[in-house]
Amino acid sequence: MSSNHGFPFQDQVTVDLGKRQIPLKIAGTGNPILFLHGFPLNASMWETTIELLADDFLCLAPNLRGFGNAPEERKSFSLGDLARDCRDLLAAKAVRQPVVVCGLSMGGYVAMQFANDFPDLVSQLVLSNTRANADDEAGVQSRLKMASNALTLGTERAAGEMLQKLVCKFTHENNPNVVTCVRQMLLSTHPSTVAWAQLTMCKRPSFFETMEDWRFPTLCVAGTDDFITPPSVLERMQLAIPGSRYAEIANSAHLTPMEQPEVFASKLRSFITENLH
Ligand code: MLT
């Protein structure tokens with residue numbers, strides 16, 4: 001996505017974790033925020049959010065396994081593996097204080113796994129356009145079909161139909177650049193990444209059982225026009241997470257930070273600032 005502001009400068013670095021190289025967008029200074037992207041996207045989806053927040057926060061947005069310019073994945077991985085990648089990445093960048101973890105959809109699943117596995121590393125949690133339940137049988141079957149289609153027909157045929165659902169009519173009509181950007185990210189995602197990610201997601205647990213133990217401030221964010229994870233899904237999560245808050249953003253479907261970047265960044269900034277110790 002091209003920058004409207006030009007500054008602050010976002011560095012794209014590669015973090016060497018020994019067994020694995022993780023591409024990372026990094027910008028700003030201050031309290032750290034770890035941004036985790038959705039499927040089948042990559043860290044670029046956070047560029048505008050980072051531009052809007054990097055004056056006050058250290059923003060870190062990795063490309064999860066196989067996504068964006070991360071090396072292609074050749075074997076299965078779990079949400080636990082992705083959460084450990086995030087822990088190792090923070091350690092490698094010498095981020096020693098707990099971080100705000102902000103995940104969208106699939107990134108939200110990783111954020112919830114991270115919150116379960118490394119609660120001491122979380123200062124606040126932001127769960128955007130995501131869900132806490134596990135897949136039902138129909139959901140699993142549809143993921144297996146998408147995985148198989150990706151490998152046999154390619155990413156466009158497998159995930160192309162998602163584009164219509166990812167962004168709302170308002171965005172299609174008013175922000176065609178966002179639609180182009182999402183399409184490019186989607187088409188550049190390798191078929192094997194689509195397949196592995198689907199298998200990873202269909203094995204995820206329900207987080208409802210563990211979220212009652214979370215003790216960090218949590219914000220659940222929904223887009224009014226999101227049919228993938230509708231507002232009711234996020235409202236249910238907010239009710240289940242002790243002391244959490246809920247925000248709903250108009251004229252947005254599933255990609256709220258891209259469709260309404262100023263509103264999203266402003267809600268994130270206020271929430272984080274209000275809950276700083
Ligand atoms: C996403 O946007 O990351 C996907 O909708 C997640 C999923 O397929 O469950």
Side-chain angles (χ1 to χ4, degrees), residues 1 8-51 53-54 57-118 120-123 125-126 128 130 155 181 184-186 188-201 203-204 257-258:
M1 196 186 320
F9 180 68
Q10 293 179 28
D11 235 349
Q12 167 84 53
V13 299
T14 300
V15 182
D16 184 0
L17 298 182
K19 278 188 289 191
R20 174 167 305 283
Q21 314 285 311
I22 301 199
L24 174 74
K25 282 188 186 299
I26 182 165
T29 51
N31 277 298
I33 311 178
L34 177 67
F35 290 102
L36 300 173
H37 64 79
F39 168 93
L41 308 175
N42 59 61
S44 301
M45 65 155 284
W46 296 111
E47 277 183 9
T48 310
T49 309
I50 293 175
E51 281 173 11
L53 294 174
F57 300 95
L58 169 62
C59 301
L60 305 119
N63 280 331
L64 299 172
R65 292 190 186 193
F67 289 91
N69 59 345
E72 191 189 331
E73 276 308 311
R74 297 191 184 274
K75 60 187 177 64
S76 66
F77 52 89
S78 65
L79 282 184
D81 291 326
L82 297 177
R84 276 188 292 279
D85 288 349
C86 293
R87 175 202 59 187
D88 295 346
L89 172 82
L90 293 171
K93 295 308 289 178
V95 178
R96 306 206 197 287
Q97 71 189 96
V99 296
V100 178
V101 185
C102 173
L104 178 129
S105 202
M106 178 185 75
Y109 309 155
V110 181
M112 289 185 271
Q113 187 70 48
F114 189 88
N116 277 351
D117 295 350
F118 308 112
D120 294 345
L121 300 185
V122 181
S123 63
L125 189 59
V126 179
S128 182
T130 190
T155 302
C181 219
Q184 279 166 357
M185 276 192 260
L186 195 143
S188 68
T189 303
H190 198 279
S192 68
T193 301
V194 172
W196 285 128
Q198 286 300 323
L199 296 181
T200 301
M201 287 192 278
K203 285 184 285 185
R204 75 186 190 285
M258 293 184 76

**Item:** Spacing of SG belonging to Cys86 relative to CG belonging to Leu34, to within rounding of 0.5 Å
**Value:** 5.0 Å
**Asked** Considering all heavy atoms of both residues, which atom of Gly66 and which atom of Thr193 are nearest to each other, and what is their separation?
**Response** O-OG1, 3.0 Å
**Request:** Let me see the working for Arg65 and Asp85 under side-chain contact (heavy atoms from CB on, under 4.5 Å), right down to the final yes or no.
**Result:** CA-CA 9 Å; Arg65 292 190 186 193; Asp85 288 349; 2.7 Å; yes
**Asked** If you look only at pairs with a residue in residues 24-46, which of them pass as a salt bridge (charged side-chain N to carboxylate O under 4.0 Å, His left out), with sequence neighbours excluded?
**Response** Lys25-Glu47
**Asked** Would you say the side chain of Pro98 lies within less than 4.5 Å of the side chain of Leu121, judging by non-hydrogen atoms?
**Response** no
**Message:** Please determine whether side-chain contact (heavy atoms from CB on, under 4.5 Å) holds for the pair Asn63 and Asn69, giving the CA-CA distance in whole Å, both sets of side-chain angles, and the decisive distance to 0.1 Å.
**Reply:** CA-CA 7 Å; Asn63 280 331; Asn69 59 345; 2.8 Å; yes
**Item:** Sequence-distant partners of Phe114, ring-ring contact (aromatic ring centres under 6.0 Å, His included), two or more places apart
**Value:** Phe118
**Exercise: identify the closest heavy-atom pair between Ile50 and Ala27** = CG2-CB, 3.8 Å
**Request:** Keeping the roles fixed (side chain from Arg204, backbone from Met201), state whether a donor-acceptor pair exists under 3.5 Å.
**Result:** yes
**Message:** With rounding to the nearest 0.5 angstrom, report the CE to CE distance, Met258 to Met185.
**Reply:** 3.5 Å
**Item:** Rounded distance (nearest 0.5 Å) linking atom NZ of Lys93 with atom CG of Leu58
**Value:** 9.0 Å
**Message:** The test is side-chain contact (heavy atoms from CB on, under 4.5 Å); show your working for Leu53 and Ile33 and say whether it passes.
**Reply:** CA-CA 10 Å; Leu53 294 174; Ile33 311 178; 4.3 Å; yes
**Prompt:** Ignoring hydrogens and geometry, is there a side-chain-to-backbone donor-acceptor pair from Thr200 to Leu79 under 3.5 Å?
**Reply:** no
**Message:** Below 30° counts as parallel, above 60° as perpendicular, anything between as tilted: where do the rings of Phe39 and Phe67 land?
**Reply:** perpendicular
**Asked** To the nearest 0.5 Å, how far apart are SG in Cys59 and CG in Asp11?
**Response** 13.0 Å
**Request:** Could you walk me through whether Ser123 and Val100 pass side-chain contact (heavy atoms from CB on, under 4.5 Å), step by step?
**Result:** CA-CA 5 Å; Ser123 63; Val100 178; 3.6 Å; yes
**Message:** With a 3.5 Å distance limit and no angle check, can you tell me whether Asp81 reaches the backbone of Ser78 through a side-chain donor-acceptor pair?
**Reply:** yes
**Request:** Determine the minimum heavy-atom distance between Trp196 and Glu73, stating which atoms define it.
**Result:** NE1-O, 3.4 Å
**Prompt:** Tell me, do Val99 and Val122 make a side-chain contact under 4.5 Å, heavy atoms counted?
**Reply:** no
**Prompt:** Would you find a donor on one side and an acceptor on the other, under 3.5 Å apart, between the side chain of Ser128 and the backbone of Gly103?
**Reply:** no
**Request:** With the side chain counted from C-beta on, respond yes when Ser76 and Leu199 share a heavy-atom pair under 4.5 Å apart, and no when they do not.
**Result:** no
**Request:** Could you tell me whether the side chain of His37 and the main chain of Ser44 form a donor-acceptor pair under 3.5 Å?
**Result:** no
**Message:** Please give me the minimum heavy-atom distance between Pro32 and Val95, naming the atom from each residue.
**Reply:** CG-CG1, 3.8 Å
**Prompt:** Under a 4.5 Å cut-off applied to non-hydrogen side-chain atoms, are Val101 and Met112 in contact?
**Reply:** no
**Asked** Would you say the side-chain atoms of Thr14 pair up with the backbone N or O of Ile22, donor to acceptor, closer than 3.5 Å?
**Response** no
**Message:** Which heavy atom of Leu24 sits nearest to which heavy atom of Pro62, and what is that distance?
**Reply:** CD1-N, 3.6 Å
**Request:** Search all heavy atoms of Gly38 against all heavy atoms of Met45 and return the closest pair with its distance.
**Result:** N-SD, 3.6 Å
**Prompt:** How far does CG of Leu17 sit from CZ of Arg87, to the nearest 0.5 angstrom?
**Reply:** 10.0 Å
**Asked** About how many Å separate CG of Leu104 and OG1 of Thr130, when rounded to the nearest 0.5 Å?
**Response** 7.0 Å
**Prompt:** Side chains of Glu72 and Ser192: donor-acceptor distance under 3.5 Å anywhere?
**Reply:** yes
